[in-house]
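One structure below.
Everything numeric in this text was worked out from a predicted model, so none of it was measured.
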Amino acid sequence: MKDMENKDNNFEPRIVAFVCNWCTYAGADLAGTSRIKYAPNVRIVRFPCTGRIDFMLLLKAFGSGADGIIVSGCHPNDCHYTSGNFHARRRWIVFRNLLDFLGIDVNRITFSWVSAAEGAKWADIVNETVDKIRKLGPYTEYRRAKDYTEEAKQYE
Amino acid sequence: MSNLEETARSLFKEEKVNLIIGFEEGSRHPRPFFCTSTDDIPKLILDKRCHNNTAVYLTKKDLLGTGLVGIVATLRVLKSALQLSLENQINEGQFIFIAGEDASDVQVLKDKASIQSYVDAHPEIPDSKVEERLHHIESMSREDRWAFWKNELSKCIRCYACRAACPLCYCERCVAEVNCPQWIDPWAAPLSNMEWQVNRAMHMAGRCTGCGACYEACPLDLPINLLTKELSSEISEDFGKGISGNVLSSFNPADKENFFK
Amino acid sequence: MSRIGVFICHCGENIGATVDCSRVAEEARKIEGVEFATDYKYMCSEPGQNLIKNAIREHRLDGVVVGSCSPRMHELTFRRACSEAGLNPYMCEIANLREHCSWVHEKNEATTRKAIELVTGLVEKVKRNSPLTPIKVPVIKKALVIGGGIAGIQAALDIANCGQKVILVEKSPSIGGHMSQLSETFPTLDCSQCILTPRMVEVAQNPNITLYTYAELEKLEGSIGNFKAVIRLKAKSVNYDKCTGCGLCTTKCPSKKIPSEFNEKLGNRTAIYIPFPQAVPNKPVIDREHCLYYQKGVCKNCSRVCPTGAIEYDKPDEFITEDVGAIVVTTGFDVLKTDFFPEYGYGKYKDVINGLQFERLASASGPTLGEIRRPSDGKVPENIVFIACCGSRDPAKGIPYCSKICCMYTAKHAMLYKHKVPGGTASVFYMDIRAAGKNYEEFVRRAIEEDHVNYIRGRVARIYEKNGKLIVKGTDTLLSARPVEIEADMVVLATAGVAGKGAEELAQKMHISYDPYHFFSEAHPKLRPVETNTAGIFLAGACQAPKDIPETVATASGAAAKVVALLSQKELVREPVIAVVNRCAPPIFSTCVGCFLCQSACPYQAIEKEEIKDRRTGKVIKTVAKINPGLCQGCGTCVSFCRSKSIDLQGYTNEEMYSEVMALLNH
Amino acid sequence: MTQIKETVDIPSFLQKKTGVDVYQCYQCGKCTAGCVLAEDMDYPPSYILRFLQTGLETDYKKVLSSNTIWMCLNCENCIGRCPKEVDIPVLMDFLRQESREKKLVSPKARQIIAFHQSFLDSVKHTGRLYEAGLVADYKLRTKRHLWQDMKLVPKMLKRGKLSFLPEVVKDRKKISDIFNHTIDKKLK
Amino acid sequence: MEIGFYPGCSLKGTSREYNESVLALAKAFGIEIKEIEDWNCCGATAAHSMDRKLSLALPARVLALAEKQGFHEIVVPCASCYNRLAVTQYKLSEDAGLKKDITDSIKMPCSGKVKILNVIQFLDSYIKDKIQKRTVHPFKYDVACYYGCLLVRPHQILQFDRTEDPQSMDELMRMVGANAIEWGYKTECCGAGLSVSRTDLVAKLSGNIVKDAEDRGAKAIIVACPMCHSNLDMRRPQIDEYLREKTTIPVLYITQAIGLAIGLSPEELGLKRHFVETSSIY
């Protein structure tokens, strides 16, 4: 998938989805059992709860080639662990502020609540995100900052 | 109301402290000073120029020894101390605080409550320069902000002076040293530097007392204090004033956001 | 160097038709550390599972990735297969190639690539997985039930009848709770005590039940399977081993004018008293606030007349400790008193009473022996008014929620009144009639259609007294909000049901969560209605929210079933997916610095403090976090919060997740 | 027959103007039950609230042209007892203004308004209320049962309850300024 | 220290006796009260029925004047004025924008610091403690204390006594030897501002009040509001017409009742000015 980096003309976004096991993962399963088709660009990583998702994983994903990220879990009050998603929500509110302040493109991260019953919603979330990222293009800006030599490249 | 010198003496005599952390004249600025005997007391100074946040020493057990310790405490020191006690790093009866902004007028504080009321009684005047810079950066376009920070942080040499100067960076193993997984690349590069600062800011979220020690310590004068400052203001905006301490490990079902789909 | 096996399932056409399974296997084979990779039509079938087992044995695999349907489908199947082949089940991961891939994408290169990447990600994870063994917690085979109302009685009996030991703690001198105060019960109108008292006696006689009345929970420690409960036995001042319950003392007690709690202050009792005739245990206690001896040091009549010398004036409260494996909380509810209502006279009108008081008036064992007589002058009211929603659904002065039972008991009250005072008129002011429940609607209609109770839709603005009548100013919102004024002889307020006194304090003692109204919260409002967030502590009855008797009994039996299920195991086996705080060599011992901010992040109060002591001197070196495996449910919130990365979640460790993500992207 | 909602969202309009959320009302009728004038109103308070909840222009007109809003004594009994704390008095104040601006004042309420106007005129000119003047002025405005209150006048004079000359504020300019700045501004 | 005095229009006209009795009491107890100079009408019901801003501006000017003239406390015997002033002060303190708007229109600053006392609060804080000592002719009658609306509502703003079944007047009356009876109309409206324009309604509302008081054997109705007074007293002919019976129960201001108790003469308390004969109680 690396090869897609530069030739933006037929750019295929790389999306990683961090989802909780009880709501969104099950929602995605439902999308499957109801055969709802959506873009194949997304890779789902399963966590027990959105509360478990470390903010560093998002940065690392961007750094290693993700053009977009989806973070999704149970709707407020539906958390399997009662409050994991509330903690997560706080974390994302703060984190998003910080990223935005640093000029990191927060539009590349889709946050959503998708319940086990919302297979269709999951499909929409994925498709919307893929379209959005397709417009934004690959997130090379971020990856270029990886080291100074990459830095130099842009001035060549 | 009493002056620093006699307070210090009485601490050695009455309270049997065997160390007072304070300030002495330095070559350019006043510098932290460990006063271990009454003979050194005359060296102790306290005035507007003493702005090192000496609270950083409160968690350095090897420096403090076992006995009771006194510390000349400016507002920033007291604020840090409060947060430290909230985080179970210091206990009442371990320290005696000589609170004040000038040697001529200090008062002795021993327990959390009195420190709290002292802090409440001395609201901090927001630093207009910092506010300005914040607004300046906020007003930039996203791209410019990125360019700005990438440029600033590409200078970082990862000396971790910011970490060393911060009273609230007391972890025995910092996340920067964690290597499985290697969350943050150990070498200096714009991105890894940024990752380090993101971690610092996130770990400070709701805890930072805004003393600015990190910025003052930075050999390259990177405006990293703005990151924590920005978060603090956003936090009080989003979760209500007065909320502090453990913002990220608490929540309110009514927390508002506008970006969840 | 790890030896991973990869098994790609076609699931017949389900995956195979869309994803090029053999290529996925082929690509997987190229991944470093993959020892064996193959694809097969049905992995979950007998031969499929054998294929995996044999491969594990032949190739000495130390990790397995199965690319198949959702792990929510067959994770268990494949993990079992692995362990049968001698591989730790937690070394097996499932790549979801069906629900998340073949079923949602078209047949093309991209889809197959996705499948390959999903597999790669999990291969990298499995490489870093570590074998886990399910957690075993021993279980003390004894349950504690707090609260001796109908909920507590039902729960205790159900548990005891399954052969488990039960300790039933009740704070008042007798079990029975509010139900013992009721006259008849809706919707059948059968006498409350007739159905309750046999149960109360059963409790007293059941060998598996130890009953502590006049007792309260003082302190609770430990966790599921191993609680340590300290119980305060309030001094009864009567030795129950000697006392025969003859009741002579109560007849001789000089202070007779003490308002009786059981009769809701409509009747009196003595200072040494048995709350009501059918009380269990049917033995007296001395109410020290009102006893002459304790107040003035004189009298001692009771000990003088007691034939068995059972009176013990100077016995203090006692404390006993009980080890139990599970707890059921059934502390019930309270009702607001009439003095809560300004516009209805701040409780200054004797003849404005609340629902529970009316129950006592209507009860054959009540102060009026079941005749409806008004408190002020004992006259039979000819015109009675019932007001629903007193305090309920009233955010301004009361509570916003609906108390649920008032509609029904008000209908019952009106009906009972009409039966006892055929000539009288009964009016009910209501906002909505909420009669959802078996035979409930029919019951209310009966009140209206057969007993001609006059239902008026509208709230009452105020009540004031004029020449012996209570003027009730209401409105009929169904007649273009026409004002209605009724001259009543007696008014009954259907006052709101609220959490019992001290509910908050009790919740804090037990670390269970409660809502803004101090009702205890269930672990999940729909799927775990009788459990709390604290494993091993269960709820039943009106301590969760106002409930009627059928619902209360149902939850009680539900909770009992949960408890029995728990106690029936020798030891608890729990998924090892729990958080752990790292431990390492001296002088650090653990990278945890003990800031304990994580404690508030844990939904289960599972994070405790542990003191690391010097082996020889025994002095504390440092205090660090420790996660109670009995309480942790494995959400991992603490893990991503911990700044020094000192906590990790087994099965989802930082390293595992990190590697999976990296692999997905860098493939 | 009520038609579908018009575009103007009356409830949110009211909320914007008065801060009162009419949807809070769940029609328990307690306000009406306690209202001393409920019988004499075209529509009792709880009814008015219902009209406002429908969000229909037609119902809104009904409210503005009812005598209820003018009958309301602002005795605050309703809000004092409302379980949902719907501030009807504040609503009434606003509806009165609306009804005048939209020229929908109920004929039955003319005399009440006439009185209020006489009252305010008196205040406007003298800064204080000149009761004798007020009553006379009002009677002339309404030409109704002139004699009913005129009968009072001599008695009042006898008891020194009426003065022939009005009490006057020195700084009368200030007062008329206030009027120009507020009520008259709108009416101009 | 001097207390500001805001009589309001009625006390200068129809309810002169209220004015007289308040001043008489103050004099008797040696309390200095000084009329606010150049005060204007509070706008009463008329203003806030017709225009919100006007209804705030008029009282605001009074408050501003009081401040300007250096009063920290003002006593406002008229319940209606009291209500308007208190509400205005509250609304302005709630909403800075509104405050600016209003102060602009009155061209005066208004910090809202002045403490506003209604007559009961005034009596409570300056006279209550001395009352029993000074009582020479105990007011030995059953009385019905009538609070009306404006004294106790809206509670969240006035924070005075309790909305349902208030007690403050009853308590004062008991102190001068009266028996304050339980009755049903303590806080029911008398018709207030409709006195002239809808006398028919006033007759009815006030009628119910008078009747209940009389039925319960009260010898006097005690009030603290000129509007209530004029409706219950001046409108008695219409009331009797409505009730179809002759009612004789007199209506006294609480200041008059207390005045009598401490031995002031009916004349100086203005009792002669009433329409309903008051001689039955002295």
Side-chain angles (χ1 to χ4, degrees), chain D residues 36-37 40 70-77 79-81 87 89 92-94 96-97 100 111-120 122-123 126-132 134-135 138 142 145 148-149 152 155-156 159-163 167 169-171 174-175 177-179 181-183 185-186, chain E residues 8-10 12-17 37-41 43-58 61 104-108 148-150 152-155 163-164 187-194 196-199 201 204-205 208 230 234 237-238 270 272-275:
Chain D
V36 287
L37 284 180
D40 307 274
W70 297 102
M71 288 272 205
C72 170
L73 292 154
N74 283 65
C75 75
E76 310 250 354
N77 250 336
I79 170 69
R81 290 175 183 150
D87 199 331
M92 290 292 182
D93 278 348
F94 177 72
R96 280 191 278 266
Q97 286 188 38
R100 285 173 63 236
Q111 10 167 350
I112 299 176
I113 296 179
F115 176 78
H116 290 330
Q117 263 152 354
S118 316
F119 186 107
L120 292 182
S122 160
V123 176
T126 64
R128 298 188 187 169
L129 177 62
Y130 173 44
E131 281 149 328
L134 161 65
V135 175
Y138 165 70
T142 53
H145 40 66
Q148 176 214 314
D149 285 306
L152 274 174
K155 295 203 198 133
M156 291 175 81
R159 291 170 168 75
K161 280 177 175 277
L162 276 187
S163 41
E167 286 245 353
V169 168
K170 279 194 244 92
D171 194 347
K174 192 63 124 316
I175 302 297
D177 282 356
I178 294 180
F179 275 76
H181 210 284
T182 55
I183 184 165
K185 192 202 266 167
K186 240 186 260 81
Chain E
C9 309
S10 325
K12 290 296 183 174
T14 41
S15 31
R16 198 153 283 200
E17 64 272 35
E37 271 170 47
D38 204 40
W39 57 267
N40 57 274
C41 172
T45 319
H48 78 88
S49 297
M50 306 288 272
D51 183 88
R52 176 155 181 274
K53 270 182 68 183
L54 180 62
S55 73
L56 294 170
L58 290 169
R61 178 170 183 268
D104 287 354
S105 63
I106 61 169
K107 305 197 186 59
M108 272 176 151
C149 335
L150 300 164
V152 287
R153 292 189 295 260
H155 183 71
T163 332
E164 308 284 347
T187 58
E188 294 290 272
C189 187
C190 66
L194 298 184
V196 180
S197 48
R198 287 300 302 273
T199 319
L201 296 177
K204 171 180 146 194
L205 299 181
N208 300 337
S230 57
M234 237 162 65
Q238 289 86 347
K272 300 284 189 228
R273 299 188 189 278
H274 290 218
F275 277 62

Assert top hit (heavy-atom pairs under 4.5 Å, partner chain E, pool D/I112, D/N77, D/D177) equals D/N77
Among D/I178, D/V123, D/D93, single out the residue with the greatest number of heavy-atom pairs under 4.5 Å to chain E. D/D93
Minimum side-chain heavy-atom gap E/R16-D/R159 below 4.5 Å: no
Counting only heavy atoms closer than 4.5 Å, note whether [X] contacts chain E via side chain, backbone, both or neither.
{"X": "D/K170", "result": "both"}
{"X": "D/M71", "result": "both"}
{"X": "D/L129", "result": "both"}

Whether the side chain of D/R128 engages the backbone of E/C9 through a donor-acceptor N/O pair (distance < 3.5 Å, no angle test) should be reported. no
With a 3.5 Å distance limit and no angle check, can you tell me whether E/R153 reaches the backbone of D/C75 through a side-chain donor-acceptor pair? yes
Name the region of E/L205, side chain, backbone, both or neither, that has any atom closer than 4.5 Å to a heavy atom of chain D. side chain
Atom pair [atom1] ([X]) and [atom2] ([Y]), whose distance is rounded to the nearest 0.5 Å:
{"X": "D/L120", "Y": "E/D51", "atom1": "CG", "atom2": "CG", "result": "9.0 Å"}
{"X": "D/L73", "Y": "E/R198", "atom1": "CG", "atom2": "CZ", "result": "10.5 Å"}
{"X": "E/M50", "Y": "D/I183", "atom1": "CE", "atom2": "CD1", "result": "5.5 Å"}
{"X": "E/H48", "Y": "D/Q97", "atom1": "NE2", "atom2": "CD", "result": "11.5 Å"}
{"X": "E/L150", "Y": "D/E76", "atom1": "CG", "atom2": "CD", "result": "8.0 Å"}
{"X": "E/C189", "Y": "D/L37", "atom1": "SG", "atom2": "CG", "result": "7.0 Å"}

Kindly give the heavy-atom pair with the smallest separation between [X] and [Y], and that separation in Å.
{"X": "E/L54", "Y": "D/F179", "value": "CD2-CE2, 3.7 Å"}
{"X": "D/V169", "Y": "E/W39", "value": "CG2-O, 3.3 Å"}
{"X": "E/A44", "Y": "D/F119", "value": "CB-CZ, 3.8 Å"}

Please list, chain by chain and in numerical order, all residues satisfying side-chain contact (heavy atoms from CB on, under 4.5 Å) with E/S10, sequence neighbours excluded. D/E131, E/T14, E/S15, E/P226
With sequence neighbours left out, write down each residue that passes salt bridge (Lys or Arg N to Asp or Glu O under 4.0 Å) with E/D38, or none if nothing qualifies. E/R61
Tell me which of these, [options], has more heavy-atom pairs under 4.5 Å with chain D than the rest.
{"options": "E/K272, E/E188, E/H155, E/M108", "answer": "E/E188"}
{"options": "E/T45, E/T163, E/L201", "answer": "E/L201"}
{"options": "E/G191, E/A57, E/A192, E/P154", "answer": "E/P154"}

Between D/R81 and E/E164, does any NZ, NE, NH1 or NH2 come within less than 4.0 Å of an OD or OE carboxylate oxygen? yes
